[in-house]
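Below, read A as the first sequence line, B as the second, and so on, with proteins coming before strands; counting in each chain starts at 1.
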Amino acid sequence: MHELPLLIFTLLVQGSVGMTLFLTLSARPASRIPQAKRQLLPVMLTACVAGGLGLIVSTLHLGYPLNAFNALRHVASSWLSREIVFASFYLAVLGLCTLIMLVKKRLITGLLPIATMLGLVDVWCMSAIYAHTSVITWSHFNTWLMFYGAVGVLGAVALVWLPMLKAHAVASVRQSVLRFAGMLVVAIVAIRLLAQPEYMQYLANASLSGVVTLPHQPLDAFLQFSGLRVFSWVVSVLGALLFAVSAWRQGRFGLMAGSLLLVLSEVLFRFMFFCIN
Amino acid sequence: MTQQYKEYPPVSDKQLGFFIDSSRCSGCKACQVACKDKHNLDVGRRFRRVYEVKGGGFMPTGQGGVTNNVYAYTLSISCNHCADPVCTKNCPTTAMHKRPGDGIVRVDTTKCVGCGYCAWSCPYGAPQMNEEAGQMSKCDFCVDLQAKGEQPICVATCPLGAIKFGPIEELRAKYGNLCDVQGLPDSAITHPSLVIKAHQGAEKEEHPHA
């Protein structure tokens, strides 16, 4: 698949922003308990590595990476330039916060919300890159829903998989954050589903659908993957419900199984998103 | 290795454009082949492309017969060096740029990073990846030939005289303003420097109401 680097890049960066979002929610209560504070460091490092790795993988998409720095030249009108700028700012702030934590063992809680905001702006730019093209399946607000949805879903999964708020003293806070994550995941899947009829109607009436000069055939790919799409939605809905119920009842197995289903569905959705030929 | 990029001074002080007489085009693809040959393009890359557009159908008259509005015609399209080119707007490097004066849209390969965003953006399919160089490439209106006072190769080659070029305002004054025909995207997206004499059946249908 030609766009594999972009699939990995978008998911890694959005996952990183999701982790930073949940770090922000966990930072203040964790900062009061030394054990809980120490547990944040691996999560911060994972978020940094995911974001950094994503940026490195994105260069594999470039045909001539030696000119990569030129991609910052058109911030005035290109969403791609803007995306690179905000991704850099996001990683710089998150990296600074992680470095201080690593070296001085100090958690600067004020930096995490700034990193989250920069990350969310970056995801906006990332979505706008695709929405401002002639690729019919991308140029719709569904792109924003899928990308922001991945931030919430992958962040919630990171909360389960990584040692965030796992100290006894903050057990009640963890429970609240987990429940919030469960509700967030269900809300994301529900909003995405509610947008699907409008998205389908847009695809059916797209003004570019009869155009012979378009170099990509996204509608053909969209129809070709209709079975896989239904499967992905089923996996996503099941994963979200399992995750939310288990988050409420503190069911460890359900949380792990729900997380796996959610990650699988995000990868499948992203795979289909990038199939345009 | 980057492709060789050579700057040329403006070949006109007015926006240049193409006139395509689709009613005359036989679909021989001489323009496409000449362009490929002149630019030494590999398999898959075509700066000028000849599309076949077909549509319409048969309808019962209600009196035992059928009527039809079937059409099929060929349309020669390259870069339209648009007044509002979405490729230059979206290009993150400014490699894709619109020249002052003649308004020709070119790729500066000393800047291009080969991200392909211009190819996703252009509804006419003009920017195409040069796989060997890893950079984008496109119709440059044969600016090298024009600098020598010659015609673009597609114009010079067309055996039916169906492709003309010149300042777009002069082409519009002479041939009209039509550039929205069946098979092409809405001209409001990029404002192409293109005038078309439509083939029978090429006029756009009204979009059905929801």
Locate the shortest heavy-atom distance separating [X] from [Y]; write the atom from each residue and the value.
X: A/V212; Y: B/V53; answer: CG2-CG2, 4.1 Å
X: B/C122; Y: A/P215; answer: O-CD, 4.1 Å
X: A/H216; Y: B/A119; answer: CE1-O, 3.5 Å
X: A/N67; Y: B/K111; answer: ND2-C, 3.4 Å

Just how far is it from atom OG1 of B/T94 to atom CZ of A/R73, taken to the nearest 0.5 Å?
4.5 Å

Interatomic distance, B/L184 atom CG to A/L214 atom CG [nearest 0.5 angstrom]
10.0 Å

Heavy-atom cut-off 4.5 Å, strictly under: side chain, backbone, both or neither for [X] against chain B?
X: A/A128; value: backbone
X: A/H61; value: both
X: A/I84; value: neither

Whether B/W120 and A/Y130 hold their rings parallel, tilted or perpendicular, with breakpoints at 30° and 60°:
tilted

Would you say [X] has more than 12 foreign heavy atoms packed within less than 6.0 Å of its [atom1]?
X: B/Y175; atom1: OH; value: yes
X: B/K36; atom1: NZ; value: yes
X: A/F69; atom1: CZ; value: no

In terms of heavy-atom pairs under 4.5 Å with chain A, the winner among B/P123, B/G114, B/G125 is B/P123

Identify which part of B/L75 has an atom lying under 4.5 Å from any heavy atom of chain A, answering side chain, backbone, both or neither.
neither

Less than 4.5 Å to any heavy atom of chain A: does that hold for the side chain of B/C87, its backbone, both, or neither?
neither

Return yes if some donor-acceptor pair links the side-chain N/O of [X] with the main-chain N/O of [Y] below 3.5 Å, else return no.
X: A/S78; Y: B/N90; value: yes
X: A/S77; Y: B/K89; value: yes
X: B/T93; Y: A/N70; value: no

Sort out for me which of A/I276, A/L6, A/L80, A/T213 touches chain B most, counting heavy-atom pairs under 4.5 Å.
A/T213

Beyond-backbone contact of B/Y117 with A/T133, side-chain heavy atoms, under 4.5 angstrom
yes

